[in-house]
Protein chains: 2
Amino acid sequence: MPSVEAKDIFSGHIKEKGLRNTRQREIILDAFLSSKKHITVEDLFNIVKKKHPEIGYATVHRNLKLMCESGLAEEIKIGTSKAKYELKYGHEHHDHLICLNCGTFIEVNDEKIEKLQDKLAEQKDFQPVRHKLEIFGFCNKCR
Amino acid sequence: MPSVEAKDIFSGHIKEKGLRNTRQREIILDAFLSSKKHITVEDLFNIVKKKHPEIGYATVHRNLKLMCESGLAEEIKIGTSKAKYELKYGHEHHDHLICLNCGTFIEVNDEKIEKLQDKLAEQKDFQPVRHKLEIFGFCNKCR
DNA sequence: GTAATAATGATATGCATTATCATTAATATG
DNA sequence: CATATTAATGATAATGCATATCATTATTAC
């Protein structure tokens, strides 16, 4: 059950930082872990709100940020649109193909490209930490 | 003199769209063409303001957008930071190495990576149009 | 020169994100 | 268990940037 491990990452971070476990935090975390990929703060807020209307937007936002800090989640921003969050733990690094028409995200990974990137950085005497590759175009439905 | 050609691209677009040439447009264009790379609206506004304090922020913003539309300039957004604009015409496609410490942009290009990207897209039945590759890390000064 | 209308400049609006702050609640300690 | 400490919450305000609005000005076609 990977979500148990995922939870451990989060609670480990909480403990490490001297933060506290709260009912809201647990609810928001569970909702995030059982949600679909690429969720926005608003999306998650709306899901949480159904069963827990007392939980505020700011709390959802704060906890998504905290999940990113813990390494559990990752924030994705494309252009000006709102930030989306995806589960990072147990989820290999990948890049995105983004449809210019329907906005679909397709996740891809290519070991060769990754290696070439490192090589490229090295040539410029640059120490790479992370990267972001987005390929925009049209998916098979929108061609 | 490449800037003459660059100007032609812009004025061609103006003509094509039935737009008009104005004094402000000319001033903003000239300022952009002689500016450094990766300039923000605010930067350009401040440059223009020195000699032409009557020109407004909105006009600079609108004209930068128009330059992008014409293909002369390109908008670059990294994360949440403000949009930057760079000259696109006469300037090969390239990606960026971005220093996490000092924010420097290093321009890079690798034909192999470009090709692999196309291949990758093809495998997913995706028609690529453009892409954006950003490698974050530390430059030689900030290592 | 005149009419049509695009562009300008000042400012308002929109919108997502983040900050503020009084109140509530979680944890540690005696 | 009671209490103190202080993090977290929830409502809302503030922020920051991009863009829209609108009265006025200026450009282009005729």
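Every chain is numbered from 1, with letters handed out A, B, ... down the list of sequences.
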Exercise. Distance check: side-chain N/O of Arg25(B) vs OP1/OP2 of dA7(C), anything under 4.0 Å?
Worked result: yes

Exercise. With respect to the phosphate group of dT8(C), does any side-chain polar atom (N or O) of Asn63(B) fall under 4.0 Å of OP1 or OP2?
Worked result: yes

Problem set entry | side-chain contact (heavy atoms from CB on, under 4.5 Å) involving Arg20(B) - partner list, sequence neighbours excluded | none

Problem set entry | For Asn109(A), side-chain contact (heavy atoms from CB on, under 4.5 Å) partners two or more places apart | His93(A), Glu114(A)

Using modelled atom types and a 3.5 Å cut-off, is there a donor and acceptor pairing between side-chain atoms of [X] and backbone atoms of [Y]?
X: Asn63(B); Y: Leu66(B); value: no
X: Lys132(B); Y: Lys77(B); value: yes
X: Asp43(A); Y: Ile39(A); value: no

Exercise. In this structure, are over 12 heavy atoms from other groups packed under 6.0 Å from Lys36(A) atom NZ?
Worked result: yes

What is the separation between atom [atom1] on [X] and atom [atom2] on [N], rounded to the nearest whole Å?
X: Lys15(A); N: dA8(D); atom1: NZ; atom2: P; result: 15 Å
X: Glu26(B); N: dA7(C); atom1: CD; atom2: P; result: 15 Å
X: His13(B); N: dA6(C); atom1: NE2; atom2: C1'; result: 14 Å
X: Ile76(A); N: dT17(C); atom1: CD1; atom2: P; result: 13 Å
X: Ile28(B); N: dG9(C); atom1: CD1; atom2: P; result: 7 Å
X: Arg23(A); N: dA26(C); atom1: CZ; atom2: P; result: 9 Å

For this session: Quick one, give me the B/S/- string for nucleotides 19-26 of chain D, reading 5' to 3', where B means a protein heavy atom under 4.0 Å from the base and S means that only happens at the primed atoms, P, OP1 or OP2.
Result: B-B----B

Seminar exercise, completed: Heavy-atom nearest pair, Ile28(B) first then Ile55(B), reads CD1-CG2, 4.1 Å

For this session: Name the residue closer to the 5' end of DNA chain D, choosing between Leu19(A) and Ala83(B) according to the nucleotide with the nearest heavy atom.
Result: Leu19(A)

Exercise. Can you name the residues that form a ring pair (Phe, Tyr, Trp, His ring centres under 6.0 Å) with His96(B), not counting sequence neighbours?
Worked result: His38(B), His94(B), Phe105(B)

Exercise. Is there a residue in residues 35-56 of chain B whose heavy atoms reach under 4.0 Å of DNA chain C, and which residues are they?
Worked result: Glu54(B), Ile55(B), Gly56(B)

Exercise. Pairs in or reaching into residues 46-65 of chain A: which pass salt bridge (Lys or Arg N to Asp or Glu O under 4.0 Å), with residues at least two apart or in two chains?
Worked result: Arg23(A)-Glu54(A), Lys65(A)-Glu75(A)

